[in-house]
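Written below as structure tokens is the structure these notes are about.
No experiment lies behind these values; they were computed from the predicted model shown. We use all heavy atoms of the structure for the numbers below, so side chains are in, but hydrogens, waters and symmetry mates are not. We name chains A, B, ... by the order of the sequence lines, and we start the count at 1 in each one.
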Amino acid sequence: MFDFRFYEISRQPEYIETLAYGVLNSLWLTILGSLFGVVLGVLLALGQGRDMPLWIKAPSVSYVEFLRNTPFIVQLFFVVFGLPLLLGYTWSLEASVVLAITLNFSAYYGEVIRAGIQAVAKGQTEGAMALGMTRWQTIFDVILPQAIAKVFPSMTSQFVFLFLTTGLVSEIGVQDLTWAGRYVADRTFRDFEVFIVLTILYMLMVFAFKGSFALMFRMAFPWWGKER
Amino acid sequence: MRMKNTQPTTFKKGSGDIAVTLKGVNKWYGDFHVLRDVDLTVKRGERIVICGPSGSGKSTLIRCINHLETHQKGSINVDGTELSEEMKNAEKLRQDAGMVFQNFNLFPHLSVIDNCILPQRRVLKRSKDEAREVGMKFLARVKIPEQADKYPGQLSGGQQQRVAIARALCMEPSLMLFDEPTSALDPEMVGEVLDTMVGLAETGMTMLCVTHEMGFAREVADRVIFMDAGQIVEENTPDAFFDNPQNERTKAFLKQIL
């Protein structure tokens with residue numbers, strides 16, 4: 001029988017601290033990437049609209065297809081190491097990683113939001129236009145709020161999925177939760193215990209996210225499900 | 001079905017005695033010829049009912065007047081504005097020609113009063129307080145001020161359609177278009193919507209209604225138009241139209257629905 005020795009981790013304040021920092025880093029990377037990613041995602045979704053001119057539509061579709069069909073680790077290396085070389089700029093590792101995460105997330109969020117926009121009845125656009133509202137007013141005041149409410153559950157699960165993929169950033173030395181786990185495991189030789197702790201921490205964070213999203217939904221969309 | 005205690009409201013009047021003129025209007029959906037040489041002149045304050053079998057182009061006709069659809073040949077003039085496929089100021093025209101749809105098209109994410117406030121704020125740039133005041137005035141006109149803070153989904157179909165009428169009136173249009181406003185309603189709710197429309201007619205509003213409510217047509221219409229296969233086949237006062245139809249297709253249609 002395997003002898004679990006969790007105290008090898010817990011007795012060292014440094015390890016606890018490293019893991020805590022890992023949790024925080026994973027948190028803010030995901031939250032920042034999601035905030036920017038959703039904004040960009042909305043633009044990508046709109047850019048793929050049926051009546052968009054080709055010069056907007058074609059790049060939007062290509063962008064989404066490219067980012068969804070290539071591995072995140074490759075995108076990460078390209079954005080963090082390749083792009084600065086190509087364009088000749090220097091950013092901090094954190095900024096570059098946030099950019100990489102944002103670009104990757106935006107493609108996924110964009111597709112979910114696009115589905116939402118398509119699911120809003122055509123009559124909504126006609127109703128708004130018949131009142132004299134402009135196209136952009138119609139999109140922002142009428143279509144998007146309903147579209148996002150419709151796909152909110154999908155957005156939540158997409159968020160959780162993307163959050164779990166951020167562990168890959170540890171590959172380039174970003175000190176996220178996965179990196180922290182490696183760090184502790186390498187020093188304690190208790191890999192099994194460390195990865196059990198990681199699993200629990202990731203799971204707790206996912207539960208926290210899901211809870212906050214459910215709360216957010218109720219606050220942002222009080223009208224949802226209000227039927228006789 | 002007469003509405004009592006109607007407060008006549010003065011509406012912004014467009015200039016001139018003619019509200020809408022259509023001359024030789026043609027429209028195709030691909031190969032399908034929806035409107036064929038439609039000529040129609042609507043005088044200000046006139047109430048017109050358009051009826052006809054499904055697919056005859058009646059909805060398309062009034063959607064063209066609101067520029068929700070574009071026509072390909074002929075001319076449509078609404079309150080002095082000539083409509084064309086590439087016109088830029090369609091929003092201006094649409095706030096002048098209110099539209100009520102079969103499926104209400106209320107915004108489900110906004111409360112009833114906010115449904116009335118939003119377009120006033122965005123299009124007419126009214127202040128929030130003014131928009132609310134106007135909204136409440138018209139909700140009172142359609143007799144549901146007490147539902148102002150509910151969401152559309154919490155109302156019955158008839159109530160929703162009355163909200164849709166109030167919302168359109170908030171924009172103070174000079175012309176109202178109705179696209180089968182009672183067709184999606186349960187029978188017992190048709191009356192309340194028709195009452196509202198009769199009340200509106202009594203204020204002198206110019207109205208074009210696509211409807212099969214022949215009682216309504218008889219009571220308020222100045223003219224009844226019968227369309228078939230994209231053409232205006234017959235056009236007459238309600239009494240003459242119902243009691244003495246001239247065209248064979250009109251006769252067959254009336255036999256079906258009366």
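- Remark: A/L87 CG is packed, more than 12 non-hydrogen atoms of other residues, nucleotides or ligands lying under 6.0 Å away.
- Ranked by non-hydrogen atom pairs under 4.5 Å with chain A, the options B/E91, B/H109, B/Q120 are led by B/H109.
- Shown here is B/Q72, whose CD atom has more than 12 heavy atoms of other residues, nucleotides or ligands within 6.0 Å.
- At a 4.5 Å heavy-atom cutoff, the contact between A/Q137 and chain B is made by side-chain atoms alone.
- Atom CZ in B/R122 sits 10.5 Å away from atom OG1 in A/T138 (nearest 0.5 Å).
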### Query
Is there a side chain to side chain contact (heavy atoms under 4.5 Å, CB included) between B/L118 and A/V142 once you walk through the steps?
CA-CA 10 Å; B/L118 176 72; A/V142 178; 4.2 Å; yes

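- In this structure, chain A has heavy atoms under 4.5 Å from both the backbone and the side chain of B/R167.
- For residues 105-125 of chain A, the salt bridge (Lys or Arg N to Asp or Glu O under 4.0 Å) pairs, not counting sequence neighbours, are A/E111-A/R114, A/K122-A/E126.
- Most heavy-atom pairs under 4.5 Å with chain B: of the set A/P222, A/P145, A/G225, A/G123, this distinction falls to A/G123.
- Counting heavy-atom pairs under 4.5 Å between each of B/V123, B/L177, B/L110, B/L93 and chain A puts B/V123 at the top.
- Across all non-hydrogen atoms, the minimal contact from A/Q124 to B/P108 is OE1-CD, 3.5 Å.
- For chain A, no part of B/A164 is nearby; none of its heavy atoms comes within less than 4.5 Å.
- Among the residues in residues 148-161 of chain A, none has a non-hydrogen atom closer than 4.5 angstrom to a non-hydrogen atom of chain B.
- Residue pairs meeting the side chain to side chain donor-acceptor pair (under 3.5 Å) criterion with at least one member in residues 159-169 of chain A, sequence neighbours excluded, do not occur.
- Counting non-hydrogen atoms of neighbouring residues, nucleotides and ligands closer than 6.0 angstrom, the CZ atom of A/F195 exceeds 12 such neighbours.
- In this structure, CZ on B/R94 lies 12.0 Å from CE on A/M133, to the nearest 0.5 angstrom.
- For the atom pair B/N115 CG and A/L131 CG, the distance stands at 9.0 Å (nearest 0.5 Å).
- In this structure, A/R182 places its CZ atom where only 12 or fewer heavy-atom neighbours from other residues, nucleotides or ligands lie under 6.0 Å away.
- The number of heavy atoms from other shown groups lying within 6.0 Å of CZ (A/F81) is above 12.
- Inspection of non-hydrogen atoms places B/M99, B/F101, B/N105, B/L106, B/F107 of residues 99-107 of chain B under 4.5 Å from chain A.
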